Structures are given as structure tokens and as C-alpha cells.
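Proteins get letters first, then strands, A, B, ... in listed order; numbering begins at 1 in each. Computed from a predicted model, the values in this text were never measured in an experiment.
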Amino acid sequence: MSTYDPAQIEAKWQNTWKQEGTFTATRTEGKPKYYVLEMFPYPSGKLHMGHVRNYSMGDVIARYKLATGHNVLHPMGWDAFGMPAENAAMASGGHPKDWTYGNIAEMKAQMKPLGWSLDWTREFATCDPEYYGQQQALFLDMLDAGLITRKNATVNWDPVDMTVLANEQVIDGKGWRSGAEVERRELTQWFFKISDMADDLLAGLDGLDDWPAKVRLMQSNWIGKSRGLQMAFKRSDGAGEIEVYTTRPDTLMGASFVGISPDHPLAKQLESSDPKVAAACAEMRKGGTTAEAIEAGEKLGFDTGLTVDHPLDPNWKLPVWIANFILMDYGTGAIFGCPAHDQRDLDFCRKYGLPVIDTFVALSERVGDPADADPNASKFSIQPGDLRTVPEGVTDTAFVPPKTEPVKWINHFAGLDVATGQEAIDATIDFAEKAGWGKGRTQFRLRDWGLSRQRYWGCPIPVVHCPDCGVVPEKKENLPVELPYDVSFDIPGNPLDRHPTWRDCSCPKCGAAAQRETDTMDTFVDSSWYYARFTAPHADTPTVAEDAAYWMNVDQYIGGIEHAILHLLYSRFFARAMHKTGHLPASAIEPFDALFTQGMVTHEIYKTTDDKGRAVYHLPEDVTDGKLADGTEVEIIPSAKMSKSKKNVVDPVNIIASFGADTARWFVLSDSPPERDVEWTASGAEAAFKHISRVWTLSNRIATMDQSAAGTGDQDLLKTMHKTIHDVTMGIESFGFNAAIAKLYAFTGALQKSKAGYAAQREAVMTLAQLMSPMTPHLAEEIWAQHGGEGLIATAAWPKADPAMLVEDTVTLPIQINGKRRSEITVAADLPKAEVEALALADKAVVAALDGGTPKKLIVVPGRIVNVVV
RNA sequence: GCCGGUGUGGCGGAACGGUAGACGCAGCGGAUUCAAAAUCCGCCGAUGGUAACAUCGUGAGAGUUCGAUUCUCUCCACCGGCACCA
């Protein structure tokens, strides 16, 4: 008997798989294909437990599908552009390219020993000119197809460093390096016209049955389709109108002000002539661009002194305010505020002393004489005298019932007196359209996707600015537009902007001296089509029709829930765009057939503060008992998503060194349900190792058994085996890996105790190896070989459960009395209901509970439970 | 602030609306050993009881149901996303 030596076993089988090309994806007709993809990693240079968990899950599926007779495509690549490379260059003087490719090499070396069934022949990095050159070709085709436009967008501007900041670089409204107060500033940018596809992207969600419902809901909310009313308020001074879009036109009688964004044309016009307005707007533009900063921040307003007429009563004047919580990007950049039924508006009105007017109340609330209420009456009444101004302090909570809840209208002009919000909205739009002062309009929350980044380490946008021809696309034969290597990061800003020669080029149209676009693409672009590129990773077109037709769609996509909205929505947009430009078949416009969102691996965060008061984070391996090596105490922040920036990452390399890859894989799959977060602990690794060693010892024992000796309980062992085959297969197919592993623990225990003969035990241990093979493939191959299995276990046919072996003759039925378990009876599985009832009523506990009486009710669920109500 | 999720023993967690706590960890007891490690066996939600057993128990509170960890509503705590982190 040999002891379990993972280092030797794992290297051996990895070598065999490599030599045999076991995991190289091939197209063969007449065999079903299966494309399993995990979200590709950012090459931080360090593999962490989150990667191990993610890729081990995908590997379980990939190996299972290979064993069930599929051509499996399971590729790997690198999401290699992005800010960390530039930050590293700024911090330590290297070059983003060298840093990135160095990290890729390091990370790949850490990934290989895990034995994932990846087709490494298809590997690429998004920063390979071969990849981003094809991305530029896609960009040109999309530009040609009218899917791309240029317009203004708001960015975070650092007025000291004179540069654009990422949201991540804005901390408490200040620039991360300069500490200067950040301003919102407008810049001309490139956009993908994703909002043109909003309706289609929304409708497409309906067909994604194998996506988590919560992801579809989040995307649906993000797209945010709503029907509302667009209407104009006439300025009282006669100088034009203010267009307003509202989703609650039914609350028009509760309007107390009209609000415009600080970026609204009217605000800008007032700003140019009135320094007070300019100062107010400047104040309101302070802070970052995130929705969180804008919506959670303090509400600021400025009274312009202008008024507008209420459309239903020209004598009713509403003040016009500039307000910082109104977004220019949504609707018309102007709203009317109804504080009684909108919390934000209420907060605003409380702060600035504007009136609060109810338009409807809950049905339970008595207003006036109930006898007056005629639920069928339609009413048009404008009674400004009725305005109810609620004194401050009476209520600080706006009344915002669901739109489906009927309410009583006390102040309205269309629809019934008792109606739901939705009914009132529809009636109001109808009324306004007939009266001619407003128009129903469908509006999406989804905005166009700004793709320009003022950064070096990204895919160059392949356009040229010509003094005569304007913006001109680069010619395809000149692609890729490659990034220059000779750049420096000693000053803030985009090095492409200040490169001495790179910008200089000739206009593709007229040949005159021109300048390249220096913005690069958002890294989300890179990850929006890599799944398609994997089907033909080195082709000289973005995709190859036959390969895309064969391998697309991704049958199972696996990744973190943090990508539920943006990455997945952008990918769905890109697949549609690639179809429109002839790079993907129509069947691939929803590129991911099934999606699984795994939970994150979390860990505590260790933080200290440097002499400038900035946060410094420390790796778990550098912290012992809450102290650094030099004795400095660290602040411990509760467990959070493992992230490079917070350094709360754990190095799986250490675990593999001590226990082997099979143990690491088994552990990350066993400890928590896959969709839920898992807090990394060291204790579980040891348990996994013990179990794997136990299985190896067991296999050795069986291998040395007397082969002719008969045993007892063969049938019981095989029954358990078939039950386990069934349970584990179901577990894998439903992503219940932890539950499948629990069954494997139990089966191992049963086999260990079994006194069955050699043939049955051999069959059982080989089946155990097969069932474990997606999780612990190296151990499985070793056991398979030890018992003379044919070929590789990786390609051996997956075991099938014999239905006849799954049938139980008898069942134990719990007996409940009033819903509480009090007893149980064991009966034949097919015993008729009437006999079960008779047996249950004869049960001692039931007789005692009935005390001579008759049961009120007797419920028998065949094969499940008996409930006696007394 | 808005959108989405999660909450069960000391810990990770299991449970088609049907015996709450499978399986694993930790702990306790035992076997083996000169002794230990390793291994194997048993116990292991709380309270009361020698025990049989009884009562309580799935974040808090209500509701639906013969029966709720599971469905509905309200609340609390934590986590993810919020368009330039990837």
C-alpha cells in the first residue's frame, strides 16, 4: 500500500492529460457540444480563493459534460487592460505592458497545478494586439452600422491634477492623489447606442429561463422602462417653456415647484448672466458623478426667481428651482416636484419651506363626508384654495403606495375618485393628450454606454481627427492601431496625449496631416465579446462563421453576482451588435444560455493609516494576531469581498503546497452552497485532506482484497451506490455541489463499513472515483488505474443509476398530531391510503391524544406524512 | 438614497409547503498506544428530568395553512450593484 502523495499523483496525471490533449476542444459532427465558460480573470498576478472556487465550479461542469459524451469547450484568457497596471507603473516605475504580461505568466503558473480541464491552446489576453486589433475592427463595423455616436458626458474632474478620475479614485468627493474637491465636468465622448436596443434587451430577458430570476429582475430594473407624460410649463414671463417628463402625472395637482438640473440649458443660460446662479451651480456640481453621491448627498436647491404657470390653471404660479438631485441624463432634465408623494421632493420642500399638497390618501383615511364620495364620478376640479400646506413636523414621510394599490383621490382632474396609481396615470395621460398640453411617452432609465477613457492602458479607439474631414475612421488594413511602448507615468493624465509622435498620422480620407484619437476604450468593451472570440481565438477576423455557429452559445456561464448588471448587459448588447455587423449568427444574440452567479469569497480586512492619514491595507499572511511583523496593531474591518485594493486575499498556493490541488478543489466546493458567499477558513482544508486520504486508503484496501472471497451485503452496497449516483448526478446538474459532496461523504462511510465481496466493493470504489472525478480528478484517475479501469476516468462514460435499485419497499411515515411530530410508523411503500389511516389511528401516541374521541381531520400524504388534527 | 440578495446549533451549512439541524468542522467520552500523534467507535440545539419524555427553537413581529426554515406583509441587521474598479 502506498501513502497518498498528491504532489506525485497530480503532476503525473496533468502530464498525461496534456500529452493526450484530453481537454483540447474539437469540432466533430454527430456529437453534441457543450461550452462552459467562467468569467476570465483580471491578471493581478496572484491567484486567490475566489478564482479557485469559480474555476473549480466550472471544471466540475466541464468534466461532467465530457464524461456524458459532449465535445466540451472550456477556455481561459485574461481581462488584461485596466487601471491597476497604470497604478503599478506610477507607484513603482515599471511599464503596464511588462507588469501585465509578467502577472499573466505568474498567475498561469499558479493555475496549472490545479488541474482544471482547460483548453490552453485558445488562451489570449485582451491586451494582445491580435485581440484588440479585432476589437478595433468591430468598432469600425459598429460605427458604420450606426451603433456608435459622439456626445457629451459628465466626468469626475480633478482641478489640481487636471485629469479625469475614475469613480474609484474619488474618495468622499475628493481626488485620491491631490485631495482636491472633485467637480463634475462635461467632455465629448464616444458612446455605444445601447439605449436604442433598450426594448429588445428588456424583451430578451423573458427567454433567459436558465438565468437567476434576481439577475433578470436587476437588469429589468436597470433598463427601467416606464410610461409617463411629457409636458411643458409655460414661463410666466412669456420667455418660452420648460419641458418636463414625469412618471407620476397623476400627482400634478400636488405640484409645488418645478426643478431643473444644474446642467439644464436654462440653468446654464441663467448662470452666464448671474454670478449668484453661477456660484450656486458650481456648488452643486461639486462631488463625484455616481448616482450614490448625487442621490444620497445633501439636497441643494437655488430659487431662480422665475415662475411657470400650472398647465391646468394659469393663475397658479410654480417657482422654478435648480436642484442638484435632478439628472440631466434622465428624461428632460427637469421635473415638477410633488412632495406629498415623493420622498426626495418632500425632503427638498421641507428644507426650503415649499408647500406640501396631498392629491390622494389611503382608502382607510376619512376625508370629508363619505356620503359625498361617488366612486364612479369623474371629476375636473381646480381649487387652488384647497391647497393643504402641512406645517413642518407633522410628517416627514411621503405617502408612496405601490401603483397597484387603490387610493382615494382628493385633489385630481382625471379618472375615478377611487383608483390605483396606475389607473390614474393612464387616465391622466389620456386626459392630457386630449386636452393637448401633454404627450404620453415611454422612457428608459438605461443610458447610452460611454466608452471613452482618458487613459493609456486600453484599446485605442481607431479614429483620426482631420482638420478638414473631421472625425474619420481608421482604415481596416491599418489595424491594429497599436499602443506605443515609450510612455511615462511620472505626471498625471493620459500619456498618449503628450506622446511626441504617436498622435501624428495622415487622414485616411484625404491624406492630410491629422491626429489620432488619444482616448482608449472602457475595459468593459474587452470583456463584452471575448466569449465569441474563444470560438476562433487566432483568426484574422473577429470571429469565424462556422466556429461561431458550432460553439455558440455559451451553454453555462459562471461568474460573480457583482457582474449581474453591467458586464452581462453589455455582453448582451455586443452579441446583438455583432449579429448586426455579421460577426455572429442570429441564434447567438443572447450569448449565455444559462448563467450561474457564484457567491464571493470573503475575508476580514486589515488596515492601518500612513503619516498622511491615508488608508494602507495588509495581506492576511502579513498579519498575525492582529499585528504586523513590526508589532503595529491593525484595524480589523469585518469580512468583505476579497479584493486586490483591500488586500484581503488568501494565497491558495500555500494550500496546494501542503495538501495538493484535489484537497483545495474539494474544500472550496464542499464548504458552502455555490451561490452564496463563503468566508475563507483554514480549518476546512484539513478535513478535506483527511477525507481524500481516507478514500485513497480505502481504495488500497479493496485492491488487496481476496478476489474470490464472497461477502455479505453486496446488494445493500450496490443499492447505496445507485442512490449515490442518482443524488450526485442531480447535485452536479443543479449546482448543488456541497450537497453532492455530502452524499459522497456518506457513501464513503458506507463503503468503509461494508462487508461485501470483492466484485461489489471494486465496482463501488470505481464508481466513487467517477463520482468524485469532477472535483478531485487526479485522485480519481489514480484509483481508476489501480483497479484496471479502461482508458482515462476523464473520458470514461458517466455512471448511470439503475431505476430498479432506487425503489424502496418500505417507508417510515412520521405521524403528526396538530402539526407536531409525535410518532412514526413503518409501512409498505404501496400500502393503500385507507390502511395507512387505520394504522395511524391505532398508533399509541394517536390513541393517547384522541383519548377516546374522533379526530377532527386526518391528512395522509402518501409516502410522506400523516397528520392527525384533534 | 435607489435596485437586488442573505439571515437556521459553538462554526460552515441540509431540508419538492410535510420528522428542522443531513454532511463536515470544533468539542466531549471511549478503543488502540508505555505515552503521544494518526486512526477507529459513540455523544453532541436550548431548558427541565436519573430516564422515558415534555416544553421551546430557523433575525423580530404579524398573516395564510391540517402543517411554514420554505408562501405573504411590516421591521431589523448584514452583503452586492449604482453606469470611469474589474
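Among B/G18, B/C85, B/C40, the nucleotide with an atom closest to any side-chain atom of A/A166 is B/C85. Counting only heavy atoms from C-beta on, A/R445 has its side chain closest to B/A83 among B/A20, B/A86, B/A83. When the nucleotides B/A22, B/C85, B/G18 are ranked by their closest atom to the side chain of A/A742, B/A22 comes out on top. Looking at the side chain of A/I865, the nearest of the listed nucleotides B/G18, B/A86, B/G80 is B/G18. Minimum atom distance to the side chain of A/R822 is reached by B/A54, of the listed B/G80, B/A54, B/G18. Comparing atom distances between the A/L566 side chain and each of B/C23, B/C82, B/C40 picks out B/C82 as nearest. Nearest to the side chain of A/S672, among B/G13, B/U19, B/G5, sits B/G13. Of the listed nucleotides (B/G12, B/C85, B/C82), B/C85 has the atom at the smallest distance from the side chain of A/E168. Closest to the side chain of A/I859, out of B/G13, B/G18, B/A83, is B/G18. Nearest nucleotide to the side chain of A/Q752, out of B/G18, B/G12, B/C40: B/C40.
Between the CG atom of A/L698 and the P atom of B/C40 there is a distance of 11 Å, given to the nearest Å. Distance CD (A/E562) to P (B/G81): 6 Å, rounded to an integer number of Å. For A/M218 and B/U6, the CE to P distance is 10 Å, given to the nearest whole Å. In this entry the distance linking CH2 of A/W666 with P of B/C25 reads 12 Å, nearest Å. Straight-line distance from the OH atom of A/Y570 to the C1' atom of B/C82: 11 Å, rounded to whole Å. For the pair A/F667 CZ and B/C11 C1', the interatomic distance rounds to 12 Å; values are reported in whole Å. Rounded to whole angstrom, the span from the CD atom of A/E295 across to the C1' atom of B/C3 amounts to 10 Å. Rounded to whole Å, the distance from CG on A/D727 to P on B/C16 is 12 Å.
The same atom, C1', is picked in B/U69 and in B/G13; the two are 13 Å apart, to the nearest Å. B/G1 and B/U70: their P atoms are spaced 27 Å apart (whole Å). With C1' as the reference atom, B/U72 and B/G10 are 34 Å apart, rounded to whole Å. For B/G4 and B/U39, the C1' atoms lie 48 Å apart once the distance is rounded to whole Å. As rounded to the nearest Å, B/G63 and B/U19 have C1' atoms that lie 25 Å from one another. Taking atom P on both nucleotides, B/A54 is separated from B/G61 by 25 Å, rounded to a whole Å. Taking the P atoms as reference points, B/C23 lies 11 Å from B/G42, given to the whole Å. Rounded to the nearest Å, the gap between the C1' atom of B/A26 and that of B/C79 is 26 Å.
Atom CD in A/E824 sits 8.5 Å away from atom CD1 in A/I815 (nearest 0.5 Å). Atom NZ of residue A/K151 and atom CD of residue A/Q189 lie 11.0 Å apart, to the nearest 0.5 angstrom.
Residue A/Y42 comes nearest to A/A85 through the heavy atom pair OH-N, 3.5 Å, listed as atom of the first residue, atom of the second, then distance.
Base orientation for B/G4: anti, the chi torsion being more than 90° from 0.
Nucleic acid contact class of A/Q169 (heavy atoms, under 4.0 Å, all strands): none. Residue A/W222 is in base contact, counting any heavy-atom pair closer than 4.0 Å across all strands shown. Among the atoms of the strands shown, base atoms are found under 4.0 Å from some heavy atom of A/H563. Across all strands shown, A/S527 has no heavy atoms under 4.0 Å from either base or sugar-phosphate atoms. Across all strands shown, A/A739 has no heavy atoms under 4.0 Å from either base or sugar-phosphate atoms. If you check every strand for non-hydrogen atoms under 4.0 Å, A/V866 touches nothing. Across all strands, A/E298 comes closer than 4.0 Å to no nucleic acid atom at all (heavy-atom distances). Within 4.0 Å (heavy atoms only), A/G450 reaches sugar-phosphate atoms of the nucleic acid but no base atom. No engagement by A/P41 is indicated, since no non-hydrogen atom pair under 4.0 Å with the nucleic acid exists. In this structure, A/L446 reaches the bases: a heavy-atom distance under 4.0 Å links it to at least one base atom across the strands shown.
Within a 6.0 Å sphere centred on NE2 of A/H726, heavy atoms belonging to other residues, nucleotides or ligands number 12 at most.
Within the shown strands, nothing qualifies as a pairing partner of B/U33 under the Watson-Crick or G-U definition with both distances less than 3.5 Å. For B/U6, the paired nucleotide is B/A77, the pair qualifying as Watson-Crick or G-U wobble because both relevant distances are below 3.5 Å. B/G67: no Watson-Crick or G-U partner with both key distances under 3.5 Å is found in any strand. Under the Watson-Crick or G-U wobble criterion, with both distances below 3.5 Å, B/C43 is paired with B/G27. When both pairing distances are held under 3.5 Å, B/U72 makes a Watson-Crick or G-U pair with B/A62.
Taking only side-chain nitrogens and oxygens, A/N167 never comes nearer than 4.0 Å to OP1 or OP2 of B/C82. The phosphate of B/A86 has OP1 or OP2 within less than 4.0 Å of a side-chain N or O from A/T523. The side chain of A/S670 places no N or O atom within less than 4.0 Å of a non-bridging phosphate oxygen (OP1 or OP2) of B/G24. For B/A14, the OP1/OP2 oxygens have a side-chain nitrogen or oxygen of A/R676 closer than 4.0 Å. The side chain of A/K857 contributes an N or O atom lying less than 4.0 Å from OP1 or OP2 of B/C66.
Of the residues near RNA chain B, A/A80 and A/R344, the one whose nearest nucleotide (by heavy atom distance) lies more toward the 5' end is A/R344. Comparing A/K820 and A/K214, the nucleotide of RNA chain B nearest to each residue sits closer to the 5' end for A/K214.
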Checklist entry - Stepwise, does the side-chain contact (heavy atoms from CB on, under 4.5 Å) test hold for A/W449 with A/L566? => result CA-CA 10 Å; A/W449 170 13; A/L566 294 180; over 6 Å; no
Next on the checklist: I'd like to know whether A/T290 forms a side chain to side chain donor-acceptor pair (under 3.5 Å) with A/N167, so could you lay out the CA-CA distance, the side-chain angles of the two residues, the decisive distance to 0.1 Å, and finally the verdict.
Outcome noted: CA-CA 7 Å; A/T290 65; A/N167 286 333; 5.5 Å; no
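Tested against A/Q454 for a side-chain hydrogen bond (donor to acceptor under 3.5 Å, both in side chains), the candidates A/N494, A/T520, A/D519 yield a single pass: A/D519.
The ring of A/F192 has its center no closer than 6.0 angstrom to the ring center of A/Y570. The ring of A/F747 has its center no closer than 6.0 angstrom to the ring center of A/Y745. Outside the 6.0 Å centre-distance limit, the rings of A/F667 and A/F659 are not counted as a close aromatic pair.
Interface remark: the A/E292 side chain does not form any donor-acceptor pair with the B/G81 base, using a distance-only criterion of under 3.5 Å. Side-chain atoms of A/N221 stay outside donor-acceptor range of the base of B/C3, with no qualifying N/O pair under 3.5 Å.
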